Amino acid sequence: MSFHYQDRRLYVEDVPLASIADTHGTPCYVYSRAIIESNFKAYRAAFGRRRHRVCYAVKANGNLAILDVLARLGTAFDIVSAGELERVGAAGGNQQTVTFAGVGKTRAELEQALEAGIACFNVESIEELELLAQVAASRGLIAPVAIRVNPDVDADTHPYIATGLNENKFGIPMADAMDVYRRVASFSSLRVAGVACHIGSQLTALEPIVDAAKRVMKLVDSLAGENIEVDHIDIGGGLGIAYSDESPPAIEAYVRGICQTIDARYEIVIEPGRSIVGAAGALLSRVQYIKQTPRKTFAICDAAMTELIRPALYQAHHNVLPVNVGGEEQVVDIVGPVCESGDFLARDRSLAASSGDLIALMDCGAYGFVMASNYNARPRPAEVLIDGGEVHLARERETSAQLYAGEYRLGQAVRT
Ligand SMILES: *Cc1c(COP(=O)(O)O)cnc(C)c1O
């Protein structure tokens, strides 16, 4: 539907990618509003009449235009920093729908989120709990709290994005959870709102998530036995997408699995990021040079690990499509200009590519731009959101001057 070929030219919705490159240059992130909306609506439809809240995980892609698209559909938000909280507000989202996760929330972040009246703090340690209680008490506020428990299940994903094992830094061990909830109940500035878990990202099987939900349900039953009542159960995010030959459960099956495991008394909260925006984005890039070495052929393009770090960081696979089909295929490594041998975007791909050709790295809507860096003094790329035949500039390409705008030569700094 949204990324497709027509007359051997790659389109996103009604717009040829080549025309985006003409107008906005490369590298450039291109997002499809239709795909984002269709994924979000699939979640909502799957829950049907079941009481639920979909909190879009802002960290997957926090561009204001994307948050705006989702806010208009009535999403809630999951954040991991005060910066993301401000983004939600700047995009017209309701900060009072926000769930705040993360192991290292600072005092300033807790204060800001309390003042904003967010829906829930997903607390990940005793010390955080105590600080939150203190900050809320000093303001005469009551903080809504869920304890993020670590259910110790193997999410069977890349180790860097597995979060639900006892060896990970995330959450509070299941064995300690009862005690921590008793602590929550003892603070008059805290209110038990729910229980939370999040076992990892790019999950391609249903079992680990259902397994985690069962363990959380068991905890909730024990809590009820002590008259500690939660209102919601937050199962986190993590549903994977098909980058190559993975076959993750469909959104419907995933939601059904969760609904069948969680008692109908409780509101179900989920925090999807990748499964909403991942397949909605492509990174558009232009091949600069083809370079033959005795061992390999390199297609050196103008995108690099600075724009898309997933291949270097997670050995991730992204499909690469020619923007205009034609020419003879050869096996190439697609690399960028950055001075690192880890700077590759794809390896050993059959691709017809000559210098000057445009390529599209697919499934870059999540953990793409948000993980971009300025290494090698590379300005971050433009982002555009396609809506039918319209091209909306969602973010201007950075300029080199912006990169050093806050820097001072010797003697220039204003003393503070
Ligand atoms: C990263 C994260 C998410 C989103 O994960 P996806 O794999 O993008 O769905 C949700 N909740 C928490 C707590 C996270 O850290």
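Each residue takes its place number in the sequence, starting with 1. Start at 1 and go down the list; that is how both ligands and their atoms are numbered. Just so it is clear, the model here is predicted, and its values are computed rather than measured.
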Below 3.5 angstrom, do we get any N/O pair linking G273 and ligand 1?
yes

Do Y11 and H4 make the cut of ring centroids closer than 6.0 angstrom?
yes

With heavy atoms only and a cut-off of under 4.0 Å, state how D78 meets ligand 1: side chain, backbone, both or neither.
side chain

Please list, in number order, the atoms of ligand 1 under 4.0 Å from a heavy atom of A101.
13 (C)

Between D302 and R286 (salt bridge meaning N to carboxylate O under 4.0 Å), is one present in this structure?
no

Axial cation check for F100 ring with K105, 6.0 Å and 45° limits:
yes

Given I118, V58, V80, the one that forms side-chain contact (heavy atoms from CB on, under 4.5 Å) with L85:
I118

Students should be able to answer this: which protein heavy-atom is nearest to atom 1 (C) of ligand 1, and at what distance?
K59 NZ, 1.3 Å

Need the ligand 1 atom indices (1-based, order shown) with element for anything under 4.0 Å from a heavy-atom of P272.
9 (O)

List the steps and the verdict of side chain to side chain donor-acceptor pair (under 3.5 Å) for H317 and N319.
CA-CA 7 Å; H317 175 102; N319 283 333; 2.9 Å; yes

Does CD in E390 sit with more than 12 non-hydrogen atoms of other residues, nucleotides or ligands closer than 6.0 Å?
no

For ligand 1 and S201, I'd like to know whether there is a polar contact (N/O to N/O, distance under 3.5 Å).
yes

Distance from atom 12 (C) of ligand 1 to nearest protein heavy atom, with residue and atom
E271 OE1, 3.4 Å

Could you list which atoms of ligand 1 come closer than 4.0 Å to a heavy atom of R274?
6 (P), 8 (O), 9 (O)

Using a 4.0 Å cut-off to any heavy atom of Y367, which atoms of ligand 1 qualify?
1 (C), 4 (C), 5 (O), 6 (P), 8 (O)

Check for me whether R310 meets the cation-pi criterion with Y243, that is, NZ or CZ under 6.0 Å from the six-membered ring centre and within 45 degrees of the ring axis.
yes

Take Y56 and E271, measure what side chain to side chain donor-acceptor pair (under 3.5 Å) needs, and give me the verdict at the end.
CA-CA 5 Å; Y56 169 66; E271 305 168 344; over 6 Å; no

What do you reckon, does F170 put a non-hydrogen atom under 4.0 Å from ligand 1?
no

Near G238, which atoms of ligand 1 are under 4.0 Å from a heavy atom of that residue?
5 (O), 6 (P), 7 (O), 9 (O)

